[in-house]
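Each chain gets a letter, A, B and so on, in the order its sequence line appears, and its residues count up from 1. Predicted model, so just to flag it, every value in this text is computed and none were measured.
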Number of protein chains: 2
Amino acid sequence: MSDIPLLPNHQSGPKKLTPEQENQQLKKIIRELGLKVTQQRMDILRIVKAGDRHFTAQDIFEAVSETNTSIGFATVYRFLKALSAKAFVTEVRMGGMPARYEWSSQEHHDHLTCTVCGKVVEFENDEIEKLQEEVAKSLGFVLTDHILELFGVCSSSHCQKVYKSAPES
Amino acid sequence: MSDIPLLPNHQSGPKKLTPEQENQQLKKIIRELGLKVTQQRMDILRIVKAGDRHFTAQDIFEAVSETNTSIGFATVYRFLKALSAKAFVTEVRMGGMPARYEWSSQEHHDHLTCTVCGKVVEFENDEIEKLQEEVAKSLGFVLTDHILELFGVCSSSHCQKVYKSAPES
DNA sequence: ATGAACTTGAGAATCATTATCAAAATAATT
DNA sequence: AATTATTTTGATAATGATTCTCAAGTTCAT
Ligand SMILES: [Mn+2]
Ligand SMILES: [Mn+2]
Ligand SMILES: [Zn+2]
Ligand SMILES: [Zn+2]
């Protein structure tokens, strides 16, 4: 878990926007949440939308802090919670580690994480999704959500070496 | 999440054991962990093996406390960690809630949880398992573990009613 | 029985996240 | 632009689960 590679966000989508256009976009989102437009929310949202694909509250806090030295952690958490409540961002909580967030504009997908280097690969598998529905239905449930996280060792020689020399499982 | 139904543990398996035979069994397990046999460990293990299928550290603490009024939380956590390190129990940590444990003698399985009443249903789907392997392999990973948790609403009329009358998602 | 090594329980420490609340900012109205 | 009702913010305390610390107690091979 030394370094965690960060995937760029929003590979596709609308291209060049003037700063003013971008601001209008951000304000629109904040108003859709029924919240007032504040500098903090603009800062957070700008980073969430333009930054790395996967991030933690800590990541956002640090990024915003470079500009706004007085941003509070509570503000970051509060706004991320508001964004995920309206599904603008997806929050994933696993184990004892900090929650991971990502902008939800993308297609649904699950994650495969390298337990050695922390690399995260996204994938999407319709068959698995369909089977999940079937499982739930066969048990009389209406499926509303799911968490699928795969863990393994990536193909990098370093990780493979560590894996093969591991004491045991 | 009012009441959480508790499934009985070890539906099948070896039947009647004299108390002495059971103790020998428990001691054997503790020694396999390379640990000394103590009253606390015996108490915890007895409950883990005979109690409900899914339990939390709190559950164990309370159950043991009925007999041993001085058991410490740290002891419960320590021993559960030792048990899961050697895979005698499986520990699942999700979200902010307390970790859920279960004795691992059973077949691998995943869980479907009712978000209204907390009911937990176990299931096992070879197709999904196989597809997970394929996904990992296709991305160059060696799959070592996975977490699949489905969430939905169970068929009880109460939960269905709550679900249908829910504000929105 | 003896003692080295291990274990225990109480309470402090962590860590991520939430709750409080007085001070500051926003936005709708004069 | 000034007023003000309503929100929002940030510092800090609180939470809750889990882990750590360590003095006192226990286990077990000899
Ligand atoms: Mn993702
Ligand atoms: Mn189970
Ligand atoms: Zn790796
Ligand atoms: Zn239910």
Which atom pairs link the protein and nucleotides 11-17 of chain D when you take only N or O atoms and keep those under 3.5 Å?
none

Pull out every protein N or O sitting under 3.5 Å from an N or O of nucleotides 28-30 of chain D, one pair per line with the distance.
{"unit_1": "dC28(D)", "atom_1": "OP1", "unit_2": "Val37(B)", "atom_2": "N", "d": "3.1"}

Residues two or more places apart in sequence or in another chain: which of them pass side chain to side chain contact (heavy atoms under 4.5 Å, CB included) with [X]?
X: Arg93(A); value: Glu91(A), Ala99(A)
X: Ser156(B); value: Cys154(B), His158(B), Cys159(B)
X: Thr67(B); value: none

- request: Return the set of residues passing salt bridge (Lys or Arg N to Asp or Glu O under 4.0 Å) with Arg78(B) (not counting sequence neighbours), or none when no residue passes.
  value: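 Arg78(B) satisfies salt bridge (Lys or Arg N to Asp or Glu O under 4.0 Å) with no other residue.
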
- prompt: Any ion pair linking Glu22(B) and Lys49(B) (charged N to carboxylate O, less than 4.0 Å)?
  reply: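 A salt bridge is absent here (no side-chain N lies under 4.0 Å from a carboxylate O).
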
Of Tyr101(B) and Thr75(A), the one whose closest DNA chain D nucleotide lies more 5':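 Result: Thr75(A).
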
field: Where chain B begins and ends its contact with DNA chain C, read 5' to 3' at 4.0 Å from heavy atoms
entry: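 Range of nucleotides within reach of chain B: dA5(C) to dA10(C).
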
- request: Give the rounded distance in Å between these two atoms: CE of Met42(B) and P of dT27(D).
  value: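 Rounded to whole Å, this separation is 12 Å.
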
- prompt: Taking atom P of dT18(D) as reference, at what distance in whole Å does atom CZ of Phe61(B) sit?
  reply: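 Spelled out: CZ on Phe61(B) to P on dT18(D) is 14 Å.
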
Mind checking side-chain hydrogen bond (donor to acceptor under 3.5 Å, both in side chains) for [X] and listing every partner two or more places apart, or none if nothing turns up?
X: Gln58(B); value: Glu62(B)
X: Asp43(A); value: Gln39(A)
X: Glu32(B); value: none

- request: Can you tell me which residue pairs pass the salt bridge (Lys or Arg N to Asp or Glu O under 4.0 Å) test with a partner in residues 97-106 of chain A, sequence neighbours excluded?
  value: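 Non-adjacent pairs meeting salt bridge (Lys or Arg N to Asp or Glu O under 4.0 Å): Arg100(A)-Glu149(A).
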
- request: Please collect all ring-ring contact (aromatic ring centres under 6.0 Å, His included) contacts where either partner lies in residues 118-157 of chain A, sequence neighbours excluded, each pair once.
  value: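 Passing the test, one end in residues 118-157 of chain A: His108(A)-His146(A).
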
